[in-house]
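In what follows, every heavy atom counts, from backbone to side chain, and hydrogens, waters and symmetry copies are set aside. A note on names: the letters A, B, ... follow the listed sequences, proteins ahead of strands, and every chain is numbered from 1.
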Number of protein chains: 2
Amino acid sequence: MPRTQSGGQPTIVSIAERAEVSIASVSRVLNGLGARRDTVERVERAAAELGYVPNAVARSLKDGRTRQLTFAMPDIGNPVYVAMVRAIQSVTKAAGYRLLLHSTDAVVDDELAVLRSLGDRTSDGLVICPIRITDEHVEALRTAAGPVVVIGSLPDDVPVDSVRADSVAGAALAVRHLHETGRRRIAFVNGPPDTVPGRNRDEGFRTAMAECGLVYDDALVVHTDFGIDSGAEAAERLLADDASRPDAVFCANDQLALGVARALHSRGLRIPEDVAVAGMDDSLLAQAGWPPLTSVDLGSTERGRHAAELLLERLRTPDGTHPLAPRTSTAPPRLVVRASTAPTAVNS
Amino acid sequence: MPRTQSGGQPTIVSIAERAEVSIASVSRVLNGLGARRDTVERVERAAAELGYVPNAVARSLKDGRTRQLTFAMPDIGNPVYVAMVRAIQSVTKAAGYRLLLHSTDAVVDDELAVLRSLGDRTSDGLVICPIRITDEHVEALRTAAGPVVVIGSLPDDVPVDSVRADSVAGAALAVRHLHETGRRRIAFVNGPPDTVPGRNRDEGFRTAMAECGLVYDDALVVHTDFGIDSGAEAAERLLADDASRPDAVFCANDQLALGVARALHSRGLRIPEDVAVAGMDDSLLAQAGWPPLTSVDLGSTERGRHAAELLLERLRTPDGTHPLAPRTSTAPPRLVVRASTAPTAVNS
DNA sequence: CGGGTTTCTGTAAACGTTTCCGGCAGCTGG
DNA sequence: CCAGCTGCCGGAAACGTTTACAGAAACCCG
């Protein structure tokens with residue numbers, strides 16, 4: 001029975017005893033530093049025989065880094081965040097970091113708690129995707145105990161890296177596309193207006209409508225929660241009055257769009273012949289339904305990847321030198337046209 | 001400028017100096033153990049002024065637990081695993097554990113690495129969802145350095161908690177449903193046959209077909225990868241010959257089913273009038289398409305939740321006493337009927 | 001063979017906690 | 001007034017590593 005600590009796991013001490021050398025030598029051999037041939041062999045044999053695995057916690061304590069990163073987002077149920085997790089995971093994995101996932105359930109206090117918990121040294125850095133940016137967020141970001149990258153739009157004077165989507169331009173892309181394919185009564189199903197994405201999409205919609213010479217008609221704009229069922233309900237409201245029926249519905253995300261599509265189908269309306277539907281995010285859902293959904297890709301994958309890269313870069317540069325200036329980048333939106341907005345004979 | 005360690009973060013030592021007490025007292029106060037009123041106040045004030053946050057790494061080293069759990073699954077892109085992550089996350093969060101996410105990309109060596117890495121004490125326990133169970137898996141599970149719960153089917157003699165889906169029964173539910181609603185030529189689009197789910201679904205399909213007095217026709221069975229595009233391709237193959245066209249397609253997951261649906265739509269075939277389609281997993285995708293998809297819920301959420309609970313329970317019971325016997329549970333499948341398999345006038 | 005250089009090794013400190021233990025002060029009761 | 005408590009406190013050890021430092025061994029060369 002090998003001599004081990006109470007925990008049961010072999011430690012560097014068990015190896016030292018078995019190989020009859022000091023713990024310093026064990027550590028050196030295990031880390032590939034110089035040692036006599038004989039010592040190397042004895043240590044390696046002992047380590048193998050005991051099935052030694054270095055204790056990552058002890059190592060972290062010693063050198064002040066955990067090789068863990070945290071990603072905090074509102075809800076893993078939303079495909080957009082899944083895309084981000086996926087991208088971030090693949091970057092961090094390649095760099096030898098583990099990924100800690102934190103679901104904030106879109107609760108502001110939870111987001112703040114995550115920011116403050118950077119101080120507990122549980123992870124070396126944080127990518128956070130807040131649903132809202134309050135003054136408290138700004139304050140917490142300023143005083144963060146470690147490097148942070150925000151996915152979302154920050155006030156300019158907050159000295160933190162950020163990666164944003166251009167949903168204003170994205171919404172405009174969709175509206176112009178609908179206009180160009182002959183649609184004139186364009187409805188808009190948006191998410192909650194008090195979130196950053198919600199506000200931006202609204203802004204994009206308004207400006208693009210104006211650009212196209214179309215009037216912003218309150219009766220054709222619905223605010224609701226993100227989610228398929230919400231989309232269906234919103235569509236019901238828009239379709240209540242047959243006379244003023246829209247010939248296109250632009251939705252603030254794909255889930256809403258699928259909800260709208262469902263409502264249209266169950267009323268016997270055809271997509272795109274009677275009503276065109278466009279979504280946003282170009283998530284895997286866009287290709288799931290029928291007809292396949294035109295959607296504006298806001299670059300979730302790209303943003304996730306880039307956020308992770310910024311964070312890693314910041315971790316690589318020693319804090320002592322002139323600190324890296326905060327960087328902000330914007331992922332360009334991309335319109336992905338599919339069948340749900342095909343022009344109809346009569347329209348085009 | 002408060003006196004702090006080189007790292008910059010205040011520690012228990014900084015507080016002790018500022019409050020003019022020993023570090024032992026600081027620790028006691030911070031952990032709510034007894035102390036004189038005066039001491040408590042001084043320590044708490046000093047801690048607040050310095051913005052002290054306890055170092056989780058040091059604490060972990062001391063008491064041998066990290067308050068982190070790991071979940072390893074093949075691919076976060078698959079909605080089934082998203083459901084699991086979500087369920088696990090919510091359980092672990094409630095219990096005060098952080099969640100470490102590990103994507104194995106369905107490569108066996110990666111799964112094994114995760115199992116072995118339990119020894120580095122980075123997390124207190126592991127929920128793993130392997131795509132295959134090899135002898136090496138079994139060996140790694142036997143010698144795991146910490147508690148593990150497997151989501152999937154294990155050989156009976158492996159002493160590890162597991163939570164399994166009953167995809168045999170699940171497939172049978174779907175087939176019987178299709179048969180009862182008048183379908184007779186039932187095709188089957190399955191995933192890779194060398195995975196556990198693939199094999200089980202095949203078995204379920206075969207037995208149910210036999211039960212219903214239908215013949216298993218090789219020409220109506222396609223094996224492919226899981227994924228929407230694979231489903232579409234599979235459907236193309238099944239539909240190539242008009243004469244032998246199936247009147248129902250059962251798919252091993254929702255993505256395949258959506259792919260099949262797409263192929264059917266683009267050939268102008270109607271669902272469910274011409275061909276019924278059923279999927280599996282009842283993921284969020286099932287409600288995304290049109291018509292909404294009949295699907296067999298294999299309880300991903302349930303399994304994730306239960307796996308997490310088993311793990312937590314095992315963590316709570318001290319290892320010294322009689323060890324908990326390994327437990328195995330099976331989530332019952334549930335058929336969710338939607339429009340995609342509605343009986344047609346001529347059939348029913 | 002001895003002095004200097006090089007290589008290797010062991011001792012000990014450090015990372016930031018928690019906790020055991022001995023001791024001191026204050027109190028109570030005889 | 002003292003023995004015995006009780007309640008707090010500080011010193012020190014421990015968790016498992018890495019690493020600075022100093023000493024020992026080996027080697028080279030004159």
Side-chain angles (χ1 to χ4, degrees), chain A residues 2-44 46-47 50-67 119-122 124 145-146, chain B residues 2-44 46-47 50-67 119-122 124 145-146:
Chain A
R3 167 88 170 70
T4 57
Q5 291 303 112
S6 53
Q9 287 281 104
T11 73
I12 217 179
V13 177
S14 340
I15 299 183
E17 287 172 356
R18 176 175 265 252
E20 293 179 307
V21 296
S22 72
I23 62 166
S25 291
V26 175
S27 175
R28 277 187 292 256
V29 170
L30 262 26
N31 292 341
L33 304 178
R36 214 174 36 194
R37 182 170 219 102
D38 173 53
T39 319
V40 174
E41 278 170 8
R42 306 228 312 263
V43 169
E44 283 178 346
L50 293 174
Y52 170 76
V53 180
N55 182 317
V57 175
R59 204 198 301 257
S60 291
L61 177 59
K62 189 67 181 80
D63 60 32
R65 33 183 297 184
T66 55
R67 299 201 146 279
D120 74 7
R121 307 275 103 180
T122 268
D124 297 341
Chain B
R3 168 88 171 72
T4 57
Q5 291 302 111
S6 54
Q9 289 281 104
T11 73
I12 215 177
V13 176
S14 340
I15 299 183
E17 287 172 357
R18 175 175 266 253
E20 293 179 308
V21 297
S22 74
I23 62 166
S25 292
V26 175
S27 176
R28 276 189 292 255
V29 170
L30 262 26
N31 292 341
L33 305 178
R36 215 175 34 195
R37 182 168 218 105
D38 173 53
T39 318
V40 174
E41 278 171 8
R42 307 225 316 260
V43 169
E44 283 178 346
L50 293 174
Y52 171 76
V53 181
N55 183 316
V57 175
R59 204 196 305 254
S60 292
L61 177 60
K62 190 66 180 84
D63 60 30
R65 34 184 297 186
T66 54
R67 300 201 146 277
D120 74 7
R121 307 275 103 179
T122 268
D124 297 342

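Looking at heavy-atom distances under 4.0 Å, Asp63(B) makes no contact with the nucleic acid at all. Counting any heavy atom pair closer than 4.0 Å across all strands shown, Val57(B) reaches no nucleic acid atom. Nucleic acid contact class of Ser27(A) (heavy atoms, under 4.0 Å, all strands): base. Within the 4.0 angstrom heavy-atom criterion, only backbone atoms of the sugar-phosphate kind lie near Ala35(B); the bases stay farther away.
The separation between Leu30(A) atom CG and dT18(D) atom P is 8 Å, rounded to whole Å. As rounded to whole Å, 15 Å separates atom P of dC8(D) from atom CZ of Arg42(B). What separates CZ of Arg37(A) from C1' of dC27(D) is a distance of 18 Å, to the nearest Å. Between the CG atom of Leu33(A) and the P atom of dT9(C) there is a distance of 12 Å, given to the nearest Å. If you take CD of Glu20(B) and P of dC9(D), they are 14 Å apart, rounded to a whole angstrom. When the P atom of dT18(C) is taken as reference, atom CG of Leu61(B) falls 12 Å away, rounded to whole Å. Arg67(B) places its CZ atom 17 Å from the P atom of dT17(C), with the value rounded to the nearest Å. To the nearest angstrom, P of dG10(D) lies 8 Å from CZ of Arg28(B).
An OP1 or OP2 oxygen of dT9(C) is reached within less than 4.0 angstrom by a side-chain nitrogen or oxygen of Arg36(A). For dT18(D), the OP1/OP2 oxygens have a side-chain nitrogen or oxygen of Asn31(A) closer than 4.0 Å. Between Ser22(B) and dG10(D) there is a side-chain N or O to OP1 or OP2 distance below 4.0 Å. Arg59(A) has a side-chain polar atom (N or O) that falls below the 4.0 Å cut-off from OP1 or OP2 of dT18(D).
Inter-residue side-chain proximity for Val43(B) and Ile15(B) is flagged as met; some heavy-atom pair is nearer than 4.5 Å. Proximity of Asn55(B) to Arg59(B): side-chain heavy atoms (C-beta onward) are nowhere separated by under 4.5 Å.
Out of dA12(D), dA14(C), dA14(D), the shortest distance to the side chain of Lys62(B) is found at dA14(D). The side chain of Val21(B) has dG10(D) as its nearest neighbour among dT18(D), dG10(D), dT9(C). When each of dT17(C), dT9(C), dA12(C) is scored by its nearest atom to the side-chain atoms of Ile12(B), the top-ranked nucleotide is dT17(C). Of the candidate nucleotides dC21(C), dA12(C), dG16(D), dA12(C) has the atom lying nearest to any side-chain atom of Ile23(A).
With Val57(B) as the fixed residue, the side chain to side chain contact (heavy atoms under 4.5 Å, CB included) test singles out one of Thr66(A), Asp120(A), Thr122(A): Thr66(A). Val26(B) pairs with exactly one of Val21(B), Asn31(B), Val13(B) by the side chain to side chain contact (heavy atoms under 4.5 Å, CB included) rule, that one being Val21(B).
For the pair Ser25(B) and Val53(A), both in contact range of DNA chain D, the more 5′-proximal nearest nucleotide belongs to Ser25(B).
Listed for the Asp124(B) side chain is a donor-acceptor partner under 3.5 Å among the backbone atoms of Arg67(B).
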| request: Report the C-alpha separation of Asp63(B) and Arg65(B) in whole Å, then their side-chain angles, then the decisive distance to 0.1 Å, and conclude whether the salt bridge (Lys or Arg N to Asp or Glu O under 4.0 Å) test is met. | output: CA-CA 6 Å; Asp63(B) 60 30; Arg65(B) 34 184 297 186; 5.1 Å; no
